[in-house]
Amino acid sequence: MPELPEVETIRQQLAKQIVGKELQGKKVIGVNRRAKILDIEFADKSHLIFHLKLTGQLIFNGTPGKHTRRVFNFNDGSCLIFNDVRKFGWYKIVSESQLKDIKKKLGPEPFGLTEKQFALMIAKKPKAKIKTLLMDQKFIAGIGNIYADEILFASRIHPLRVAGALGPREIILLLGKIKEILTAAIKAGGSSVSDYLDAFGQKGGYSRKHKVYQRTGQQCVKCGSIIERIRLAGRSAHYCPNCQK
DNA sequence: ATCGGTACCTGCACGC
DNA sequence: TGCGTGCAGGTACCGA
């Protein structure tokens, strides 16, 4: 499930619980995130990294169930449960240099981007549809289907618009909304559409704030028009036909 | 080089 | 009740 806000929520929660503990004799010295990858860092410079894909969960001190793929036991008796209904998620131990290679292939983290940098990135992809770009992890890291839809609604940009057609003011607005919405979603503990749970097994509160995602056929909160859904690059795109041009 | 379509896997909601 | 269809927070791989 998780996109940047969900992985970041789990990261913050886990960091408080497991830093300083030992897993198979290796001391945890940090819990990091890059894009949608969660990274548990050990004192010996190895890293246990996870990608939760659509339905992965990491529950601290959870109870193993039907979809539990792995239980990680810490030296103090606590544990971390990895659940994944659809089995797309993965975890592996990597070295510092392997992790560096993985990170290198990803685009920039949204929060560090300046308007100038973002405008330059957009200018290099004039023909790409804007929603496809937002979800491209090599273009910008961490945004998936939920937040791409919500960000475009907040920016009043139609998902099929081509990047080259965005004006300078729209590009600045878009970057602002990317940061604003991701920040708000982290604050709310992410979005729970169906499977997502945080590291304590709780649902995220941001789903209640979705304005377009999975609101097909319902009224736009701004103008009352009916929210539409189209197919784009194999995914659903939800948008308000009146607000988003 | 960049696009869309498909595959990976399981479960759920819906219509007949 | 049961079956078939379509859909789901992601991404890798394929051929056009």
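Throughout, a chain's letter reflects where its sequence line sits, starting with A, and its residues are numbered from 1.
Between A/Met135 atom CE and C/dA12 atom C1' there is a gap of 15 Å when expressed in whole angstrom units. Taking atom CG on A/Leu106 and atom C1' on C/dT11, their separation rounds to 11 Å, with Å as the unit. For A/Asp195 and B/dG11, the CG to C1' distance is 8 Å, given to the nearest whole Å. When rounded to the nearest whole Å, the span between CD1 of A/Ile230 and C1' of C/dC7 equals 16 Å. The CZ atom of A/Arg69 sits 7 Å away from the P atom of B/dT10 (whole-angstrom rounding). One can place CZ of A/Arg208 at 20 Å from P of C/dG9, the figure rounded to the nearest angstrom. Nucleotide C/dT11 holds its P atom 13 Å from the NZ atom of A/Lys92, rounded to whole Å. Between A/Ile146 atom CD1 and C/dA8 atom P the separation is 11 Å, expressed in whole Å.
Comparing C/dT5 with B/dT6, their P atoms sit 16 Å apart, to the nearest whole Å. Spacing of P atoms, C/dG6 relative to B/dG5, comes out at 15 Å, to the nearest Å.
No more than 12 heavy-atom neighbours from other residues, nucleotides or ligands sit within 6.0 angstrom of NZ on A/Lys209. For A/Lys203, the NZ atom sits in a loose shell: 12 or fewer heavy atoms of surrounding residues, nucleotides or ligands are nearer than 6.0 Å.
Within the 6.0 Å centre-distance limit, the rings of A/His158 and A/Tyr239 are counted as a close aromatic pair.
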Applying side-chain contact (heavy atoms from CB on, under 4.5 Å), run through A/Cys220 and A/Cys243 and close with a yes or a no.
-> CA-CA 9 Å; A/Cys220 171; A/Cys243 293; 3.7 Å; yes
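The cationic atom of A/Lys222 (NZ for Lys, CZ for Arg) lies less than 6.0 Å from the six-membered ring centre of A/Phe153 and within 45° of the ring axis. Within the cation-pi definition used here (under 6.0 Å to the ring centroid, within 45° of the axis), A/Arg208 does not qualify as a partner of A/Tyr206.
Nucleotide C/dA16 forms a Watson-Crick or G-U wobble pair with B/dT2, both donor-acceptor distances falling under 3.5 Å. Here C/dG9 sits opposite no nucleotide as a Watson-Crick or G-U wobble pair (both hydrogen-bonding atom distances under 3.5 Å).
Taking only side-chain nitrogens and oxygens, A/His51 never comes nearer than 4.0 Å to OP1 or OP2 of C/dG10. Dashed line: the shortest gap from a side-chain N or O of A/Gln137 to OP1 or OP2 of C/dT11 is under 4.0 Å. Within the structure, a side-chain polar atom (N or O) of A/Ser236 is placed less than 4.0 Å from OP1 or OP2 of C/dA8. Between A/Arg235 and C/dG9 there is a side-chain polar atom (N or O) within less than 4.0 angstrom of OP1 or OP2.
Remark: the A/Gln17 side chain and the A/Gln13 side chain contain no N/O donor-acceptor pair separated by less than 3.5 Å. Side-chain contact, A/Tyr147 with A/Ser191: a donor N or O sits under 3.5 Å from an acceptor N or O.
Evaluation of atom-type donor-acceptor distances gives a pair under 3.5 Å for the side chain of A/Ser194 against the base of C/dG9.
In terms of the side chain to side chain donor-acceptor pair (under 3.5 Å) criterion, residue partners of A/Lys104 (sequence neighbours excluded) are, by chain and number, A/Asp101.
Residue A/Tyr147 is classed as having no contact, given no heavy-atom separation below 4.0 Å to the nucleic acid. Using a 4.0 Å heavy-atom cutoff across all strands shown, A/Lys124 reaches no nucleic acid atom at all.
A ring pair (Phe, Tyr, Trp, His ring centres under 6.0 Å) with A/Phe50 holds for exactly one of A/Phe88, A/Trp90, A/Phe82; it is A/Phe82.
Of the residues in residues 148-167 of chain A, not one comes within less than 4.0 Å of DNA chain B through any heavy atom.
Syn is the conformation of C/dG9, whose glycosidic angle sits no further than 90° from 0.
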Protein heavy-atom contacts under 4.0 Å, written 5' to 3' over nucleotides 3-9 of chain B as B (base), S (sugar-phosphate only) or - (none), form the string SS---BB
